[in-house]
There are 2 protein chains.
Amino acid sequence: MSYRPTDKTEARKKSQHALLLSSAIKIVSVRGFQALTIGALAEEADVATGTVYKYFDSKAILCSEVFRLGTEKEVQQVQLAAFPENSMSCEQRLTNAIAIFAERAIAGYRLAYALTSESVDPIIEIERRIYRQSYADIFETLIAEGIEQNEFRPQDARISASAMVGTITETLIGPVGPSTPSSTESQKNKLIKSIQQFCLHAVMK
Amino acid sequence: MSYRPTDKTEARKKSQHALLLSSAIKIVSVRGFQALTIGALAEEADVATGTVYKYFDSKAILCSEVFRLGTEKEVQQVQLAAFPENSMSCEQRLTNAIAIFAERAIAGYRLAYALTSESVDPIIEIERRIYRQSYADIFETLIAEGIEQNEFRPQDARISASAMVGTITETLIGPVGPSTPSSTESQKNKLIKSIQQFCLHAVMK
DNA sequence: CAATAAAATGAACTACGATTCATATTATTG
DNA sequence: CAATAATATGAATCGTAGTTCATTTTATTG
């Protein structure tokens, strides 16, 4: 006779799934996707390799979920900054959105690098495109609104939005590489200011 | 008694080396770095796998050379556009440099994707950073000159330069992905115009 | 042409990491 | 507690791709 599926069963299943995911995020945050092997994950989560497959049918699926988990909150924060409750100028909102994007990427540097730039297998590459696109979508909507409002110059909002995503990731990740960001608070602020200036000038009249 | 090293020997060595490199470029141009295995290369060049190792000590070295070969001419062309013989305004030169960069990337789309964005192993990732940096260096010098000349607004030339590299690669590669570019001549021109506009506005007063 | 250096061959070896599965452990039901 | 469902285990398997090397082929010298 089979067990009843509810009760602890479900709870434990979810908790194990969550444990594995957070262990995976931990590995990626410290050593990148490169280090995320089933073996390493099993060790980190203190389970056997086979157990991982009870919760994720394949490594590709695991990676997707890691990607989504690492990504969701980030995008949401930028979304909030771009479209806040109280009204603000598009210029101000764009400035804020860039700041949030950049600050969070700097704070969680290694993870941000893994999510935006680290070489990964093609399956994750697709997820990454979606990820970048969701940032681009936010910017695009905001830029379109700014054009509408006559705050920004007429332009292809779609392209300007992609350009900003490229600008932010390249300026943050590019020069520093997978090593530590190692910069003072004031250096960070200066960097973010420069990025904001660049993007703002690019879209403004 | 050992052979004399000059004569045909050297010539053949070089020609085989070149054959292997061009075969490798061909593979990468069509199917990306992902498809560049020693086996595939040997088949493409019509030699045995072991032969490849007579010309390249390791796959990493092979990849580096492929990368350099695929890259050198590109960077050089942008350099020429940015610093031509006859004098031009910085604005004009920047416009031209962006056009060259973009046009060439679109023309050799799959290769450009492989060189700028395809996931590759960490060894090549380092080469890639150098590659992107060499573009950024060109832009940086040009932007600095523009600031000096009072053509461009005061700004951190280093960051604006990285921003442009990010902008160009993300707008060209990003939305299209590893699939075919499949766009008409006029669409391409519009895309390039938009990128130029974005970058110019970003740096100008 | 004989002797031998150089180059080419490709099967075998190696390394690594994903995945499987027979077995063991743990949990639930009556 | 006995029966058995659910879960966990981890050694073994599989697949892929880089690398090696004993052997063969080709080229050069005298």
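A, B, ... follow the sequence lines: proteins, then strands. Residue 1 opens every chain. Every heavy atom of this structure was used, including side-chain atoms; hydrogens, water molecules and symmetry mates were not.
- Within a 6.0 Å radius of CD in A/Gln77, other residues, nucleotides and ligands contribute more than 12 heavy atoms.
- Dashed line: the shortest gap from a side-chain N or O of B/Thr51 to OP1 or OP2 of C/dT9 is under 4.0 Å.
- Using a 4.5 Å cut-off on side-chain heavy atoms (C-beta onward), B/Arg31 and B/Arg110 make no contact.
- The aromatic rings of B/Tyr131 and B/Phe67 lie perpendicular to each other, with more than 60° between the two planes, well past the 30° mark.
- Side-chain atoms of B/His201 and A/Gln155 form no donor-acceptor pair, as typed in the model, at a separation below 3.5 Å.
- The nearest whole Å value for the distance from the CZ atom in B/Phe33 to the P atom in D/dG18 is 13 Å.
- If you run side chain to side chain donor-acceptor pair (under 3.5 Å) between A/His17 and each of A/Glu65, A/Arg12, A/Lys54, only A/Glu65 comes through.
- The separation between B/Gln34 atom CD and D/dT16 atom P is 13 Å, rounded to whole Å.
- Looking at the side chain of A/Tyr55, the nearest of the listed nucleotides C/dG10, D/dT9, D/dT7 is D/dT7.
- Here the P atom of nucleotide D/dT16 and the CG atom of B/Asp121 are 19 Å apart, to the nearest Å.
- Between B/Tyr53 and the phosphate of C/dA7, there is no side-chain N or O to OP1/OP2 separation shorter than 4.0 Å.
- Residue A/Arg12 has a polar side-chain atom (N or O) positioned under 4.0 Å from OP1 or OP2 of D/dA8.
- To the nearest angstrom, P of C/dA18 lies 11 Å from CD1 of A/Ile123.
- Atom NZ of A/Lys14 and atom C1' of D/dT7 are 18 Å apart (whole Å).
- The stretch residues 35-46 of chain B comes close to DNA chain D through B/Thr37, B/Ile38, each having a heavy atom under 4.0 Å from the strand.
- We find that CG of A/Leu19 is positioned 16 Å from P of D/dT7, with the value rounded to whole Å.
- Counting heavy atoms from C-beta outward, A/Val47 and A/Gln16 have side chains that approach closer than 4.5 Å.
- Residues from residues 56-68 of chain B that place a heavy atom under 4.0 Å from any atom of DNA chain D, listed by number: B/Ser58, B/Lys59.
- Comparing C/dA7, C/dT9, D/dA8 by their closest approach to the side chain of B/Lys13 singles out C/dA7.
- Aromatic ring pairs are classed by plane angle as parallel below 30°, tilted from 30° to 60° and perpendicular above 60°; the pair A/Tyr113 and A/Tyr109 is parallel.
- Counting heavy atoms from C-beta on, the side chains of B/Asn96 and B/Met88 come closer than 4.5 Å.
- In this structure, CD of B/Gln16 is placed 8 Å from P of C/dT9, rounded to the nearest angstrom.
- Aromatic ring orientation, B/Phe101 versus B/Tyr135: parallel (interplanar angle below 30°, classes split at 30° and 60°).
- Regarding A/Arg31, its CZ atom lies at a distance of 11 Å from the P atom of C/dG17, rounded to whole Å.
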